[in-house]
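Just below is one structure, and these are the notes that go with it.
Owing to the predicted nature of the structure, the values given are computational and were not obtained by experimental measurement. Only heavy atoms go into these numbers, but all of them, side chains included; no hydrogens, no water, no symmetry mates.
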Amino acid sequence: MNYAVILSGGIGSRMRADGYPKQYMHVAGKPILFYPLETFDKTECVDKIIIVANEVWQEDIRKWLDEYHIQKFDRFADPGDSRQGSILNGLLACMETSTSDEDKVIIHDGVRPLVSSALITECFRQLEEHDGCMPVISINDTVYQSFNGSSISTLLDRSTLFKGQSPESFHLKAFTELNRSVTKEELNATRGTSEIAFRHGMDVALIPGEDTNFKLTTPADMAQFESIVSGQANKILTSK
């Protein structure tokens, strides 16, 4: 069984949307969350979808699930005290129906709306040889490190630096047990999904990510996403 855990519990404070969670904002008439949900739903290797979302939004999400005909939704999980805490809750929700040690899980940010089925499929495929998998993007800019924020301390070799993306895939049982075993302090201090796996000796494969698979964090990100979606809509209209 291949599970997908979609994180939708954040509040999007940097989006400046008056407290309205960015994943539920509508773009081209559709909640942002449902752009990646539709992709996961149509991806053949995904069997079940778990959505981590605050209880106050679950009724709205259920209505949208019906409206957009999401077939693989299985259940909700509540957000945790941190991103990794939310992931643990999503993993535990998967374990409620897991029946095999061979089950796998892929974890994705609900505010990365343009993930592709090809990337999801490749993340799962990498688990044939690795403990986990994370898509990454090369860094094109020169990167400097400063310890005081006002002068250069050292120049970093950008050829060895990468930006991590989601979705990230793991063997469900092993990754759940790892996240259950660490202290709450470590869980809450973890920022990236694969970070905790790396710290505890898991073999995490790196694969090429996608430039379009960016995270909606700022109003500029939102403007870029709206432009892309609008362009796609215009292509459909002009091709008819």
Task: Contact check, side chains of Ile137 and Gln165, non-hydrogen atoms, under 4.5 Å - done: yes

TODO: Looking only at non-hydrogen atoms, find the nearest pair between Arg112 and Gly164 and report the distance.
DONE: NH2-O, 3.7 Å

Task: Test item: His108 side-chain N/O and Ile120 main-chain N/O as donor-acceptor pair under 3.5 Å - done: no

- [ ] First locate atom CZ of Arg125, then atom OG of Ser169, and finally report the distance between them rounded to the nearest 0.5 Å.
- [x] 10.5 Å

Open item on the list: Tell me if a side-chain donor or acceptor on Lys163 pairs with a main-chain N or O of Ile139 at a distance below 3.5 Å.
Closed with: no

- [ ] List the atom of Glu129, the atom of Asp203, and the distance in Å for their closest heavy-atom pair.
- [x] O-OD2, 3.9 Å

Task: Verdict with supporting geometry, Lys63 and Glu67, salt bridge (charged side-chain N to carboxylate O under 4.0 Å, His left out) - done: CA-CA 6 Å; Lys63 293 177 183 176; Glu67 181 179 351; over 6 Å; no

Task: Gap separating the NZ atom of Lys173 from the CG atom of Leu91, nearest 0.5 angstrom - done: 14.0 Å

Open item on the list: If I take atom NZ from residue Lys215 and atom CG from residue Asp221, how far apart are they, to the nearest 0.5 angstrom?
Closed with: 10.0 Å

- [ ] Please answer: with hydrophobic residues joined when any side-chain heavy atoms are less than 4.5 Å apart, are Met25 and Val56 in the same cluster?
- [x] yes

- [ ] To the nearest 0.5 Å, tell me how far Asp131 CG sits from Leu127 CG.
- [x] 8.5 Å

- [ ] For Thr97 and Tyr3, test the side chains for any donor-to-acceptor distance below 3.5 angstrom and give the result as yes or no.
- [x] yes

TODO: May I ask you to test the Phe225-Ile32 pair for a side-chain heavy-atom distance under 4.5 Å?
DONE: yes

Task: N/O donor-acceptor pair under 3.5 Å between Ser146 side chain and Ser151 backbone - done: yes

Task: Ile87 vs Arg83, side-chain contact (heavy atoms from CB on, under 4.5 Å): CA-CA, chis, key distance, verdict - done: CA-CA 6 Å; Ile87 289 172; Arg83 183 180 187 276; 3.5 Å; yes

Task: Gln84 and Thr193: side chain donor to acceptor below 3.5 Å - done: no

- [ ] Say whether, by atom type as modelled, one donor and one acceptor occur between the side chain of Asp74 and the main chain of Ile49 under 3.5 angstrom.
- [x] no

TODO: State the CG-OG1 distance between Leu161 and Thr142, to the nearest 0.5 angstrom.
DONE: 11.0 Å

- [ ] Report yes if some heavy atom in the side chain of Val46 is under 4.5 Å from a heavy atom in the side chain of Asn2; otherwise report no.
- [x] no

Task: Val105, Leu119, Ile6 screened by side-chain contact (heavy atoms from CB on, under 4.5 Å) with Pro167, the one that passes - done: Leu119

- [ ] Return yes if some donor-acceptor pair links the side-chain N/O of Ser82 with the main-chain N/O of Gly85 below 3.5 Å, else return no.
- [x] yes

TODO: Group every Ile, Leu, Val, Met, Phe, Trp and Tyr by side-chain heavy-atom contacts under 4.5 Å, then state whether Leu155 and Ile152 land in the same group.
DONE: yes

- [ ] Report the C-alpha separation of Ser8 and Tyr24 in whole Å, then their side-chain angles, then the decisive distance to 0.1 Å, and conclude whether the side-chain contact (heavy atoms from CB on, under 4.5 Å) test is met.
- [x] CA-CA 9 Å; Ser8 185; Tyr24 307 127; 2.9 Å; yes

Task: Spacing of NZ belonging to Lys104 relative to SG belonging to Cys45, to within rounding of 0.5 Å - done: 10.5 Å

Task: Side chain proximity check, Ile61 to Leu33, heavy atoms < 4.5 angstrom - done: yes

Open item on the list: Tell me if the CG atom of Asp211 is crowded by more than 12 foreign heavy atoms within 6.0 Å.
Closed with: no

- [ ] May I ask you to test the Phe34-Ile70 pair for a side-chain heavy-atom distance under 4.5 Å?
- [x] yes

- [ ] Verify whether one side chain among Gln145 and Thr154 offers a donor that lies under 3.5 Å from an acceptor in the other.
- [x] no

Task: Heavy-atom side-chain contact between Pro208 and Pro135 under 4.5 Å - done: no

TODO: Taking all non-hydrogen atoms of both residues into account, name the closest pair between Ala28 and Val229 and its distance.
DONE: CB-CG1, 3.6 Å

TODO: Run the salt-bridge test on Arg62 and Glu59 with the 4.0 Å N-O cut-off and return the result as yes or no.
DONE: no

Open item on the list: If we count only N and O atoms by modelled type, under 3.5 Å, do the side chains of Ser138 and Asn140 hold a donor and an acceptor together?
Closed with: no

Task: Basic-acidic side-chain contact under 4.0 Å: Glu195, Arg191 - done: no

Task: Trp64 ring center within less than 6.0 Å of His69 ring center - done: no

- [ ] Looking only at non-hydrogen atoms, find the nearest pair between Pro79 and Ala53 and report the distance.
- [x] CD-O, 3.5 Å

TODO: Could you walk me through whether Leu172 and Met95 pass side-chain contact (heavy atoms from CB on, under 4.5 Å), step by step?
DONE: CA-CA 8 Å; Leu172 175 60; Met95 293 296 293; 3.6 Å; yes

Open item on the list: Please check if the number of heavy atoms outside Glu102 that lie under 6.0 Å from its CD is greater than 12.
Closed with: no

When the side chains of residues 37-44 are checked against the rest of the protein, which donor-acceptor pairs come out under 3.5 Å, sequence neighbours left out?
residue : atom : partner : partner atom : Å
Glu38   : OE1  : Lys30   : NZ           : 2.7
Thr39   : OG1  : Tyr35   : O            : 3.3
Asp41   : OD1  : Gln71   : N            : 3.0
Asp41   : OD1  : Lys72   : N            : 2.8
Asp41   : OD2  : Gln71   : N            : 3.2
Thr43   : OG1  : Thr39   : O            : 2.6
Thr43   : OG1  : Ser117  : OG           : 2.7

Task: Shortest non-hydrogen separation from Leu187 to Ile196 and the atoms involved - done: CD1-CD1, 4.2 Å

- [ ] For the pair Glu168 and Cys123, evaluate side-chain contact (heavy atoms from CB on, under 4.5 Å) and give the outcome as yes or no after the intermediate values.
- [x] CA-CA 7 Å; Glu168 293 156 272; Cys123 284; over 6 Å; no

- [ ] Check the pair His200 / Glu186 against side-chain hydrogen bond (donor to acceptor under 3.5 Å, both in side chains), numbers first and verdict last.
- [x] CA-CA 12 Å; His200 289 268; Glu186 180 177 357; 2.7 Å; yes

Task: Residues Arg199, Thr190; criterion side-chain hydrogen bond (donor to acceptor under 3.5 Å, both in side chains); working and verdict - done: CA-CA 10 Å; Arg199 282 204 307 265; Thr190 300; 2.9 Å; yes

Open item on the list: Measuring only between side-chain heavy atoms, which start at C-beta, is Arg180 closer than 4.5 Å to Leu92?
Closed with: yes

Open item on the list: Between Ser86 and Asn89, is there a side-chain donor-acceptor contact under 3.5 Å, judged purely by atom types and distance?
Closed with: no

Task: Check: Asn179/Thr176 side-chain N/O donor and acceptor closer than 3.5 Å - done: no

Task: Heavy-atom closest pair, residues Asn213 and Ser166 - done: ND2-O, 2.7 Å

Open item on the list: Assess the residue pair Asp157 and Thr160 against the criterion (side-chain hydrogen bond (donor to acceptor under 3.5 Å, both in side chains)); give the C-alpha distance rounded to whole Å, side-chain angles, the decisive distance to 0.1 Å, and a yes or no.
Closed with: CA-CA 6 Å; Asp157 181 359; Thr160 66; 4.7 Å; no

Task: pair Met222-Val27: side-chain heavy atoms closer than 4.5 Å - done: yes

TODO: Over 60° means perpendicular and under 30° means parallel, so classify the ring planes of Phe175 and Phe170, tilted if in between.
DONE: parallel

